[in-house]
2 protein chains.
Amino acid sequence: MVVVTRVSGEMSEPVLLPLADTPPAERRDAARNRIALLEAAERLVAAHGVAAVTMDAVAHEAGVGKGTVFRRFDSREGLMAALLNHSETEWQASVISGPPPLGPGAEPWDRLLAFGRSRLETTILHAELIRAAGRASTRSYAAYSFIAMHMRYLLAELGVTGDLQLLAIALLAPLEAPILDQVELDGIPVDRVYAGWVDLARRIVGR
Amino acid sequence: MVVVTRVSGEMSEPVLLPLADTPPAERRDAARNRIALLEAAERLVAAHGVAAVTMDAVAHEAGVGKGTVFRRFDSREGLMAALLNHSETEWQASVISGPPPLGPGAEPWDRLLAFGRSRLETTILHAELIRAAGRASTRSYAAYSFIAMHMRYLLAELGVTGDLQLLAIALLAPLEAPILDQVELDGIPVDRVYAGWVDLARRIVGR
DNA sequence: ATAAGAAACGGACCATGGTCCGTTTAGTCC
DNA sequence: GGACTAAACGGACCATGGTCCGTTTCTTAT
């Protein structure tokens, strides 16, 4: 939303130029509370783990009413998804502009391998949060669309042809929390999962 | 567990030969209640959908206390997983001994394609239940191990070499509910998902 | 048949996610 | 600055999953 300070002279026409269908902008108190809640939640996670992040607890820790938590984040899953997005921002930055081979500058194939490895590790690292975010993590979860998009980009760079969206999903799936769940139950070590994934990538890309 | 009827003559020795660490066998009332609960739950699903399957509702419908429901199935997810297993039994039978190409008798490649298609449809059909079963659906969910095992078998038949377990997971992943969730959000039609999966299979199998 | 022990039962009770609505507060317009 | 409106607030309230423990029922041994 673009705010134009009132033109002092005559013709004191419109002052707000809402871009397309931009949401009406957040009220100050609302914004303040969002931040307070996010920080409170982070504090709770750090101190007592994801399980301790109760809606009541967060509300209390942030010094607001419970209703406020729900108005801001819709549900517990929504709150978790918000935490997740925050956590993954740094990772995204390193993909977009960090050092190679994860960041730009390396050969596509090497970037792909680095991407897979890094994604696998990040998923494991955030596993608790991802599970707690449930479906919200794939929905509003900005992180996911980024991941899928980048994968499509890498596949295109590698000259892969076909339904890139579907191929990207297929290549990403074995690195996602729900699938990893299945794997870890059998006690397979991470390195083997990665090795299997590389083999898969080779077959898909055609190397 | 093997039960040997008492030998009428002398030497009236042991009567129960528990195999290895077989659980102590279910008491009559327990067994009766398990069935009553399962049927009650099925009735509720049929009548009002998965969402209406409340633990209280099931208990009431089965004419049993709530505690009993939990003792039998551990949790709501556990109950859902049980329902799921029941639903999938028929499908499993058609894979094991039904008509080709899903059942035995067809070429491995054709069986693989039929398997993928059928699995995709079944997942969509049971989507609600699968979601409601959550993690229990991959854990105790007997159905899943069957699926994975059959996929490994087909890959082996096709002469695929490598980490078959991992490849099976990768090939199955795009047909699973959580991944399908992502796809359906973008409104991709089922046929396209299937086509994408076939392409994936081709690349993995090497055709 | 009876007694003893183990296992199952049932429903009150607790914790937590989610809703509702009367009250308060940030913006806006004069 | 004061009035007005829409949005945000807060916490009582509800629904539902899950636990607990005193009571009842099955099973086995005598």
Side-chain angles (χ1 to χ4, degrees), chain A residues 1 3-6 12-16 18 23-37 40-41 44 48-81 131-136, chain B residues 1 3-6 12-18 23-37 40-41 44 48-82 131-136:
Chain A
M1 157 170 275
V3 179
V4 179
T5 50
R6 185 186 288 273
S12 62
E13 264 306 275
V15 166
L16 253 34
E26 205 169 39
R27 238 170 67 171
R28 281 262 173 80
D29 49 355
R32 207 178 329 122
N33 283 338
R34 145 168 302 126
I35 293 174
L37 285 166
L44 287 175
H48 309 105
V50 172
V53 182
T54 285
M55 298 307 258
D56 288 291
V58 176
H60 184 261
E61 173 82 18
V64 304
K66 195 184 187 180
T68 300
V69 189
F70 280 92
R71 193 164 328 91
R72 276 296 91 68
F73 301 101
D74 292 331
S75 63
R76 188 182 132 97
E77 297 196 347
L79 173 58
M80 295 306 186
R131 268 202 284 128
R135 331 192 60 209
Chain B
M1 156 168 275
V3 178
V4 180
T5 49
R6 185 185 289 272
S12 64
E13 262 306 274
V15 165
L16 253 33
L17 309 181
E26 205 169 38
R27 239 170 67 170
R28 281 263 171 79
D29 49 354
R32 206 178 329 121
N33 283 337
R34 144 168 301 126
I35 293 173
L37 285 167
L44 287 176
H48 308 105
V50 173
V53 182
T54 284
M55 298 307 259
D56 288 290
V58 175
H60 184 261
E61 173 82 19
V64 141
K66 195 185 188 179
T68 300
V69 189
F70 281 92
R71 194 164 327 91
R72 276 295 90 69
F73 301 101
D74 292 332
S75 63
R76 189 181 132 97
E77 298 196 347
L79 172 59
M80 296 306 185
R131 267 202 284 128
R135 330 192 59 209

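By convention in this document, chain letters (A, B, ...) are assigned in the order of the sequence lines, proteins followed by strands, and residues within each chain are numbered from 1.
Listed nucleotides C:dA8, D:dG17, C:dA26 differ in distance to A:Asp29; the shortest reach to its side chain belongs to C:dA26. Distances were taken from every side-chain heavy atom of A:Thr54 (C-beta onward) to each of C:dG17, D:dT27, C:dC9; the shortest belongs to C:dG17. For B:Asn33, counting side-chain heavy atoms from C-beta on, the closest listed nucleotide (D:dG17, D:dA8, C:dC9) is C:dC9.
Closest non-hydrogen pair, A:Ala132 versus A:Arg76, comes out as CB-NH2, 3.9 Å. Pairing each heavy atom of B:Ala59 with each of B:Val69, the nearest pair is CB-CG2, 3.6 Å. When all heavy atoms of A:Ala36 and A:Ala62 are compared, the closest pair comes out as O-CB, 3.9 Å. Scanning all heavy atoms of the two residues, the minimum distance from A:Ala41 to A:Val53 falls at O-CG2, 4.2 Å. Closest non-hydrogen pair, A:Ala52 versus A:Ala57, comes out as O-CB, 4.0 Å.
Within the 4.5 Å cutoff, no side-chain heavy atoms of B:His60 are placed close to those of B:Thr54.
Using a 4.0 Å cut-off, no side-chain N or O of B:Arg71 falls inside it from OP1 or OP2 of D:dG18. Between B:Thr68 and C:dA8 there is no side-chain polar atom (N or O) within less than 4.0 angstrom of OP1 or OP2.
If you check every strand for non-hydrogen atoms under 4.0 Å, A:Arg34 touches nothing. Note on A:Arg72: only backbone sugar-phosphate atoms sit closer than 4.0 angstrom, heavy atoms only; bases stay farther off.
Between A:Phe70 and B:Gly67, the residue anchored nearer the 5' end of DNA chain C, judged by the nucleotide with its closest heavy atom, is B:Gly67. Nucleotides of DNA chain D nearest to B:Arg32 and B:Met55 differ in position, and the one nearer the 5' end is that of B:Met55.
Rounded to a whole Å, the NE2 atom of B:His60 is 16 Å from the C1' atom of C:dC9. One atom, CD of A:Glu26, and another, C1' of D:dC9, lie 14 Å apart when rounded to the nearest Å. Between the NZ atom of B:Lys66 and the C1' atom of D:dA15 there is a distance of 10 Å, given to the nearest Å. Going from atom CG of B:Asp74 over to atom P of C:dA8 covers 12 Å, rounded to whole Å. Taking atom CE of A:Met80 as the reference point, atom C1' of C:dG17 lies 12 Å away to the nearest angstrom. One interatomic measurement links the two molecules: CG of B:Asp56 to C1' of D:dG17, which rounds to 8 Å at whole-angstrom precision.
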Distances for protein N or O near nucleotides 4-6 of chain C N or O, under 3.5 Å:
none

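Between the OG1 atom of B:Thr68 and the CZ atom of B:Arg34 there is a distance of 12.0 Å, given to the nearest 0.5 Å.
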